[in-house]
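Here is the structure we will look at.
Every chain is numbered from 1, with letters handed out A, B, ... down the list of sequences.
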Amino acid sequence: MLNTYSPTKVEKKWQKKWQKEGAYTVDLEKATDPFFSMVMFPYPSGDKLHVGHWYNFAPADSYARFMRMQGKQVFTPMGFDAFGLPAENYAIKTGVHPDDSITSNVETMITQLKRIGCMYDWDKMVNTSKSEYYRWTQWLFLQMYKNDLAYKKDANVNWCNSCQTVLANEQAQDGSCERCGTEVIQKPMTQWYWKIKNYAQQLLDGLDDLDWPEKTKLMQRNWIGRSEGVNIKSKIKDFDYEFEVYDSVPQTFKAQTFSVIAPEHPIIPELVKGKKNEKEVLEFIERIKKLKATEKYNFDEHLEGIFTGAYVDDPYGTGDLPLWIASFVVMDYGTGIVHCSAHDERDFAFAKKYDIPLNPVMFPADKKEAEKIKNLEYCYAKDPEGILEQPEEFAGRKWGEVRGDIIDYLQNKMKIGEETVQYRLRDWSISRQRYWGAPIPIVYDPEGKPHPIPEEHLPWELPHDVEFKPTGTAPLAQSKELIKRTEKIFGKGWTPEVDTMDTFVCSSFYQFRYLAEGSTKEFVPKDIEKKWMPVDMYVGGPEHACMHLIYARFVTKALRDFGFIKADEPFKKLVHQGLITNQGAKMSKSKGNVVSPDEFIDQYGSDVFRMYLMFMGPFTAGGDWNDTGIKGVDRFVQRIFSLFETNIAKNGKGKGKSMNTKLDQDSKEVNTKLHATIKKVSEDIPRMQFNTALSALMELLNIVEKQDSLSFEALKTIALLIAPLAPHLAEELWGQLGGEGFIIDQKWPEYDPKQLVTDTVTVVVQINGKVRAEMVVPTEISEEDVLKMAKDHENVQKYLSGKELKKEIYIKSKLVSLVVAG
RNA sequence: GCCGGAGUGGCGGAAUCGGUAGACGCGCACGACUCAAAAUCGUGUUCCCUCGGGAGUGAGAGUUCAAGUCUCUCCUCCGGCACCA
């Protein structure tokens, strides 16, 4: 009577052994063939690990295991992105201090993570909320400050008057407070920014060499939003204000008849001061600002403006341009002032609405249509075939061809503009008016001037004595300890910065801190950084494409420029796992559709569960959760186990590490399939195509199960092939075979291309594209012979008789295609 | 609106270079074992059919000896950006 495989017992046994013998601990210094594999570290919420975590972590681990079996020293650390809003909200609700809830959540999460059986090197774990970590978050701030990449600026935050607190954008959706429903207002607050914009071009250029999904690279490219154009020197008439106006479509500059300025532009109040329209303009501005803040602003519905009464002083020699305030102008792109013409859809619509004169200068070749443009019947824009009428020097030339010449003309002939580049990327606002984050290491002198906290005072501890219930002041401002500490070190009247840093700051550099092994002296040891960075494989969700994944790149480039590291990109290769939904919806606590892996692990074990997640479909596709197929994978595991039991019972165990017998003792059929499977699995795992790797192994099993007996070498190969996918089972089989050491330290099997060649192949015969016959032929049959065979085939004869054979094609070892007429 | 990606049996999916569409698994049906059930094992399983075949990869056209795969038009779903002059 054969035993059945009992995963829970076996898996626990190996997890203990791995830990005890440090199977996954990496000597960072000694490693000679390093491979750095990371997953995006999780947020330690109070909920249990869910299916999504497993779907992300388990395949990433299988990939790492495969790399290890290629002989590399694979470093896969794990950590916790522990600062952030949920813990603070939980504290507001329950009074439990975030430090306590997070500490206990991390503990539970580690226990759960260990059940997956991943190769995590727990010695190098990081937790961003611990002072030994966030001292480096603060250190990073100081470096940014020192290198002039950090600055302060007023900006609006979402504010709830009833809760007396700042709200994150997600909490202020639809313009009302998530908690109490009160209308959210925009309150100006001074915020710290980091100059990511300085790195826009580098961040764009660096993408070319990254092995990242094209989609993600495209998203970053669009996010950075490089645009080329001209800055036109301009000034306001009878008013002391000079500025530049950005134009990326300068071909039709002669058509520009008015200018628009963003409602938020700081000069507006001065511009209308004492004028008779002052009140009207200020009211307009307030109304538009509010509108923009409280809803998803739709410019089609809110194309609004008001005349300032001022004029831009003849920028093109075509006359002064009336300056309007327009709802659609963006303040933080260009200079917040734009010249407008008849050749832009939105400008055209705006001018029509407010009866502003237009002067088209470009027309289609068709006379009738050109007449319509002259009569302003519709807007004619961006047509490469459009023919310019003005300026005279360009009359008759096509819009699509003059861009470069026009820029040259504006710059060198008229001398009113300069060629320039603009980016959409905005500087990174890193201030959060929140408690549970890394305190910004800044203090203010009695005059209110900011000073960086000297490095010797790091970590600048997050105070413990705060009230979580919102009271209108920032949580840190209420800490007596923090105020006392500040005065004690810096002197009377000095005050601390009370904002904390965006959690994306914490996660922008954790890859380096994994390599630092908790060092308090060095951010990261230089030789280790040089050896291990950039990260060879990074796995995580696509939702971070334009946040974490761009911030981490920026911080890496900045630290390189500061001289602390050598790498200029953090993540060489990136893969996004798909999203697992339940009943079509994203799993969330509020929807109550979160699937816990626990009951499945109890019943089937980690190996079955992780393989099922991989078998569901392509890793990058995700899908809707459904457990009906898990049985199939369980059967696979049980069948593998009994295959080994049966054969070992028949043939006995192997001895020691070298159980080498030749890999050709089995039947031709088994050998061919075995080598084909090695090939398939070896190709699929690096491509993260676990579903097809697994189905190849199932096909192999279907064949070897039918054999009377299998060679040791075949069994050994099968155990090795499943080791990345089912690590516990593979270790157990390795032990049963009599192998020494861990299977993960064995060499990955290689296939012999000669073994893949079979003596005969099946060739099909197509007549006019339809399959009419099948023939088994010797692999090396000549084209002549196979065509003759095909034509002689009884079934083919039926279709050929009495018809003219027009064409014969033979595709080696695949098919014969015959074309007949009549 | 703009930019991406995807649509294949009852279900998850495979087909990597234009070459037998539906691998592998689930489910289902029948059979073996069993008093019986579960488990396990075996056989079958795209649809239609007059058993000769015919149709078939979101729809329609095109290129080709041959199209899930290439080209064009359209539909649906998913993701991203939303006033960037």
Next item on the list: Determine, for nucleotides 46-54 of chain B in 5'-to-3' order, which nucleotides have protein heavy atoms under 4.0 Å from the base (write B), from only the sugar-phosphate (write S), or from neither (write -).
Entry: -------SS
Next item on the list: Under 4.0 Å between any heavy atoms, over every strand shown, what does Val249(A) touch: base, sugar-phosphate, or nothing? Just pick one.
Entry: sugar-phosphate
Notebook entry, point to check: Who are the salt bridge (charged side-chain N to carboxylate O under 4.0 Å, His left out) partners of Glu808(A), not counting sequence neighbours?
Noted result: Lys791(A)
Identify every side-chain donor-acceptor pair in residues 623-631 of chain A under 3.5 Å, counting partners at least two apart or on other chains, and give the distances.
from	atom 1	to	atom 2	distance (Å)
Asp624(A)	OD1	Thr581(A)	OG1	2.7
Asp624(A)	OD1	Asn582(A)	N	3.4
Asp624(A)	OD1	Gln583(A)	N	3.1
Asp624(A)	OD1	Gly584(A)	N	2.7
Asp624(A)	OD2	Gln583(A)	N	3.3
Asn626(A)	OD1	Thr628(A)	N	3.0
Asn626(A)	OD1	Thr628(A)	OG1	3.0

Margin query: Taking Trp212(A)'s backbone N and O only, do any of them form a donor-acceptor pair with Thr216(A)'s side chain (distance below 3.5 Å, no angle check)?
Written below: no
Review item, nucleotides 65-67 of chain B N/O atoms under 3.5 Å of protein N/O:
from	atom 1	to	atom 2	distance (Å)
C65(B)	OP1	Lys807(A)	NZ	2.9
C65(B)	O2	Ser817(A)	OG	2.7

Next item on the list: Give one of base, sugar-phosphate or nothing for Pro618(A), where a contact means two heavy atoms less than 4.0 Å apart.
Entry: sugar-phosphate
Note to self: Applying salt bridge (Lys or Arg N to Asp or Glu O under 4.0 Å) to Glu784(A) and Lys788(A), what does each step give before you reach the verdict?
What the structure shows: CA-CA 6 Å; Glu784(A) 202 182 326; Lys788(A) 184 173 185 308; over 6 Å; no
Note to self: Considering every strand and a 4.0 Å limit on heavy-atom distances, what is the contact class for Asn231(A): base, sugar-phosphate, or nothing?
What the structure shows: nothing
Next item on the list: Return no unless some side-chain N or O of Tyr333(A) is found under 4.0 Å from OP1 or OP2 of A85(B).
Entry: yes
Note to self: Only Watson-Crick and G-U wobble pairs with both distances less than 3.5 Å should count. Give RNA chain B in dot-bracket notation, marking inter-strand partners with |.
What the structure shows: (((((((..(((......[....)))((((((.......))))))(((....)))..(((((..]....))))))))))))....
Next item on the list: Would you tell me whether Asp347(A) and Ser341(A) have side-chain atoms, one donor and one acceptor, within less than 3.5 Å of each other?
Entry: no
Pairs under 3.5 angstrom, nitrogen or oxygen only, protein versus nucleotides 23-25 of chain B, please.
from	atom 1	to	atom 2	distance (Å)
A23(B)	O2'	Glu699(A)	OE2	3.1
G25(B)	OP1	Asn702(A)	ND2	3.3

Check: Taking only N and O in the side chain of Ser227(A), is any of them less than 4.0 Å away from OP1 or OP2 of A85(B)?
Finding: yes
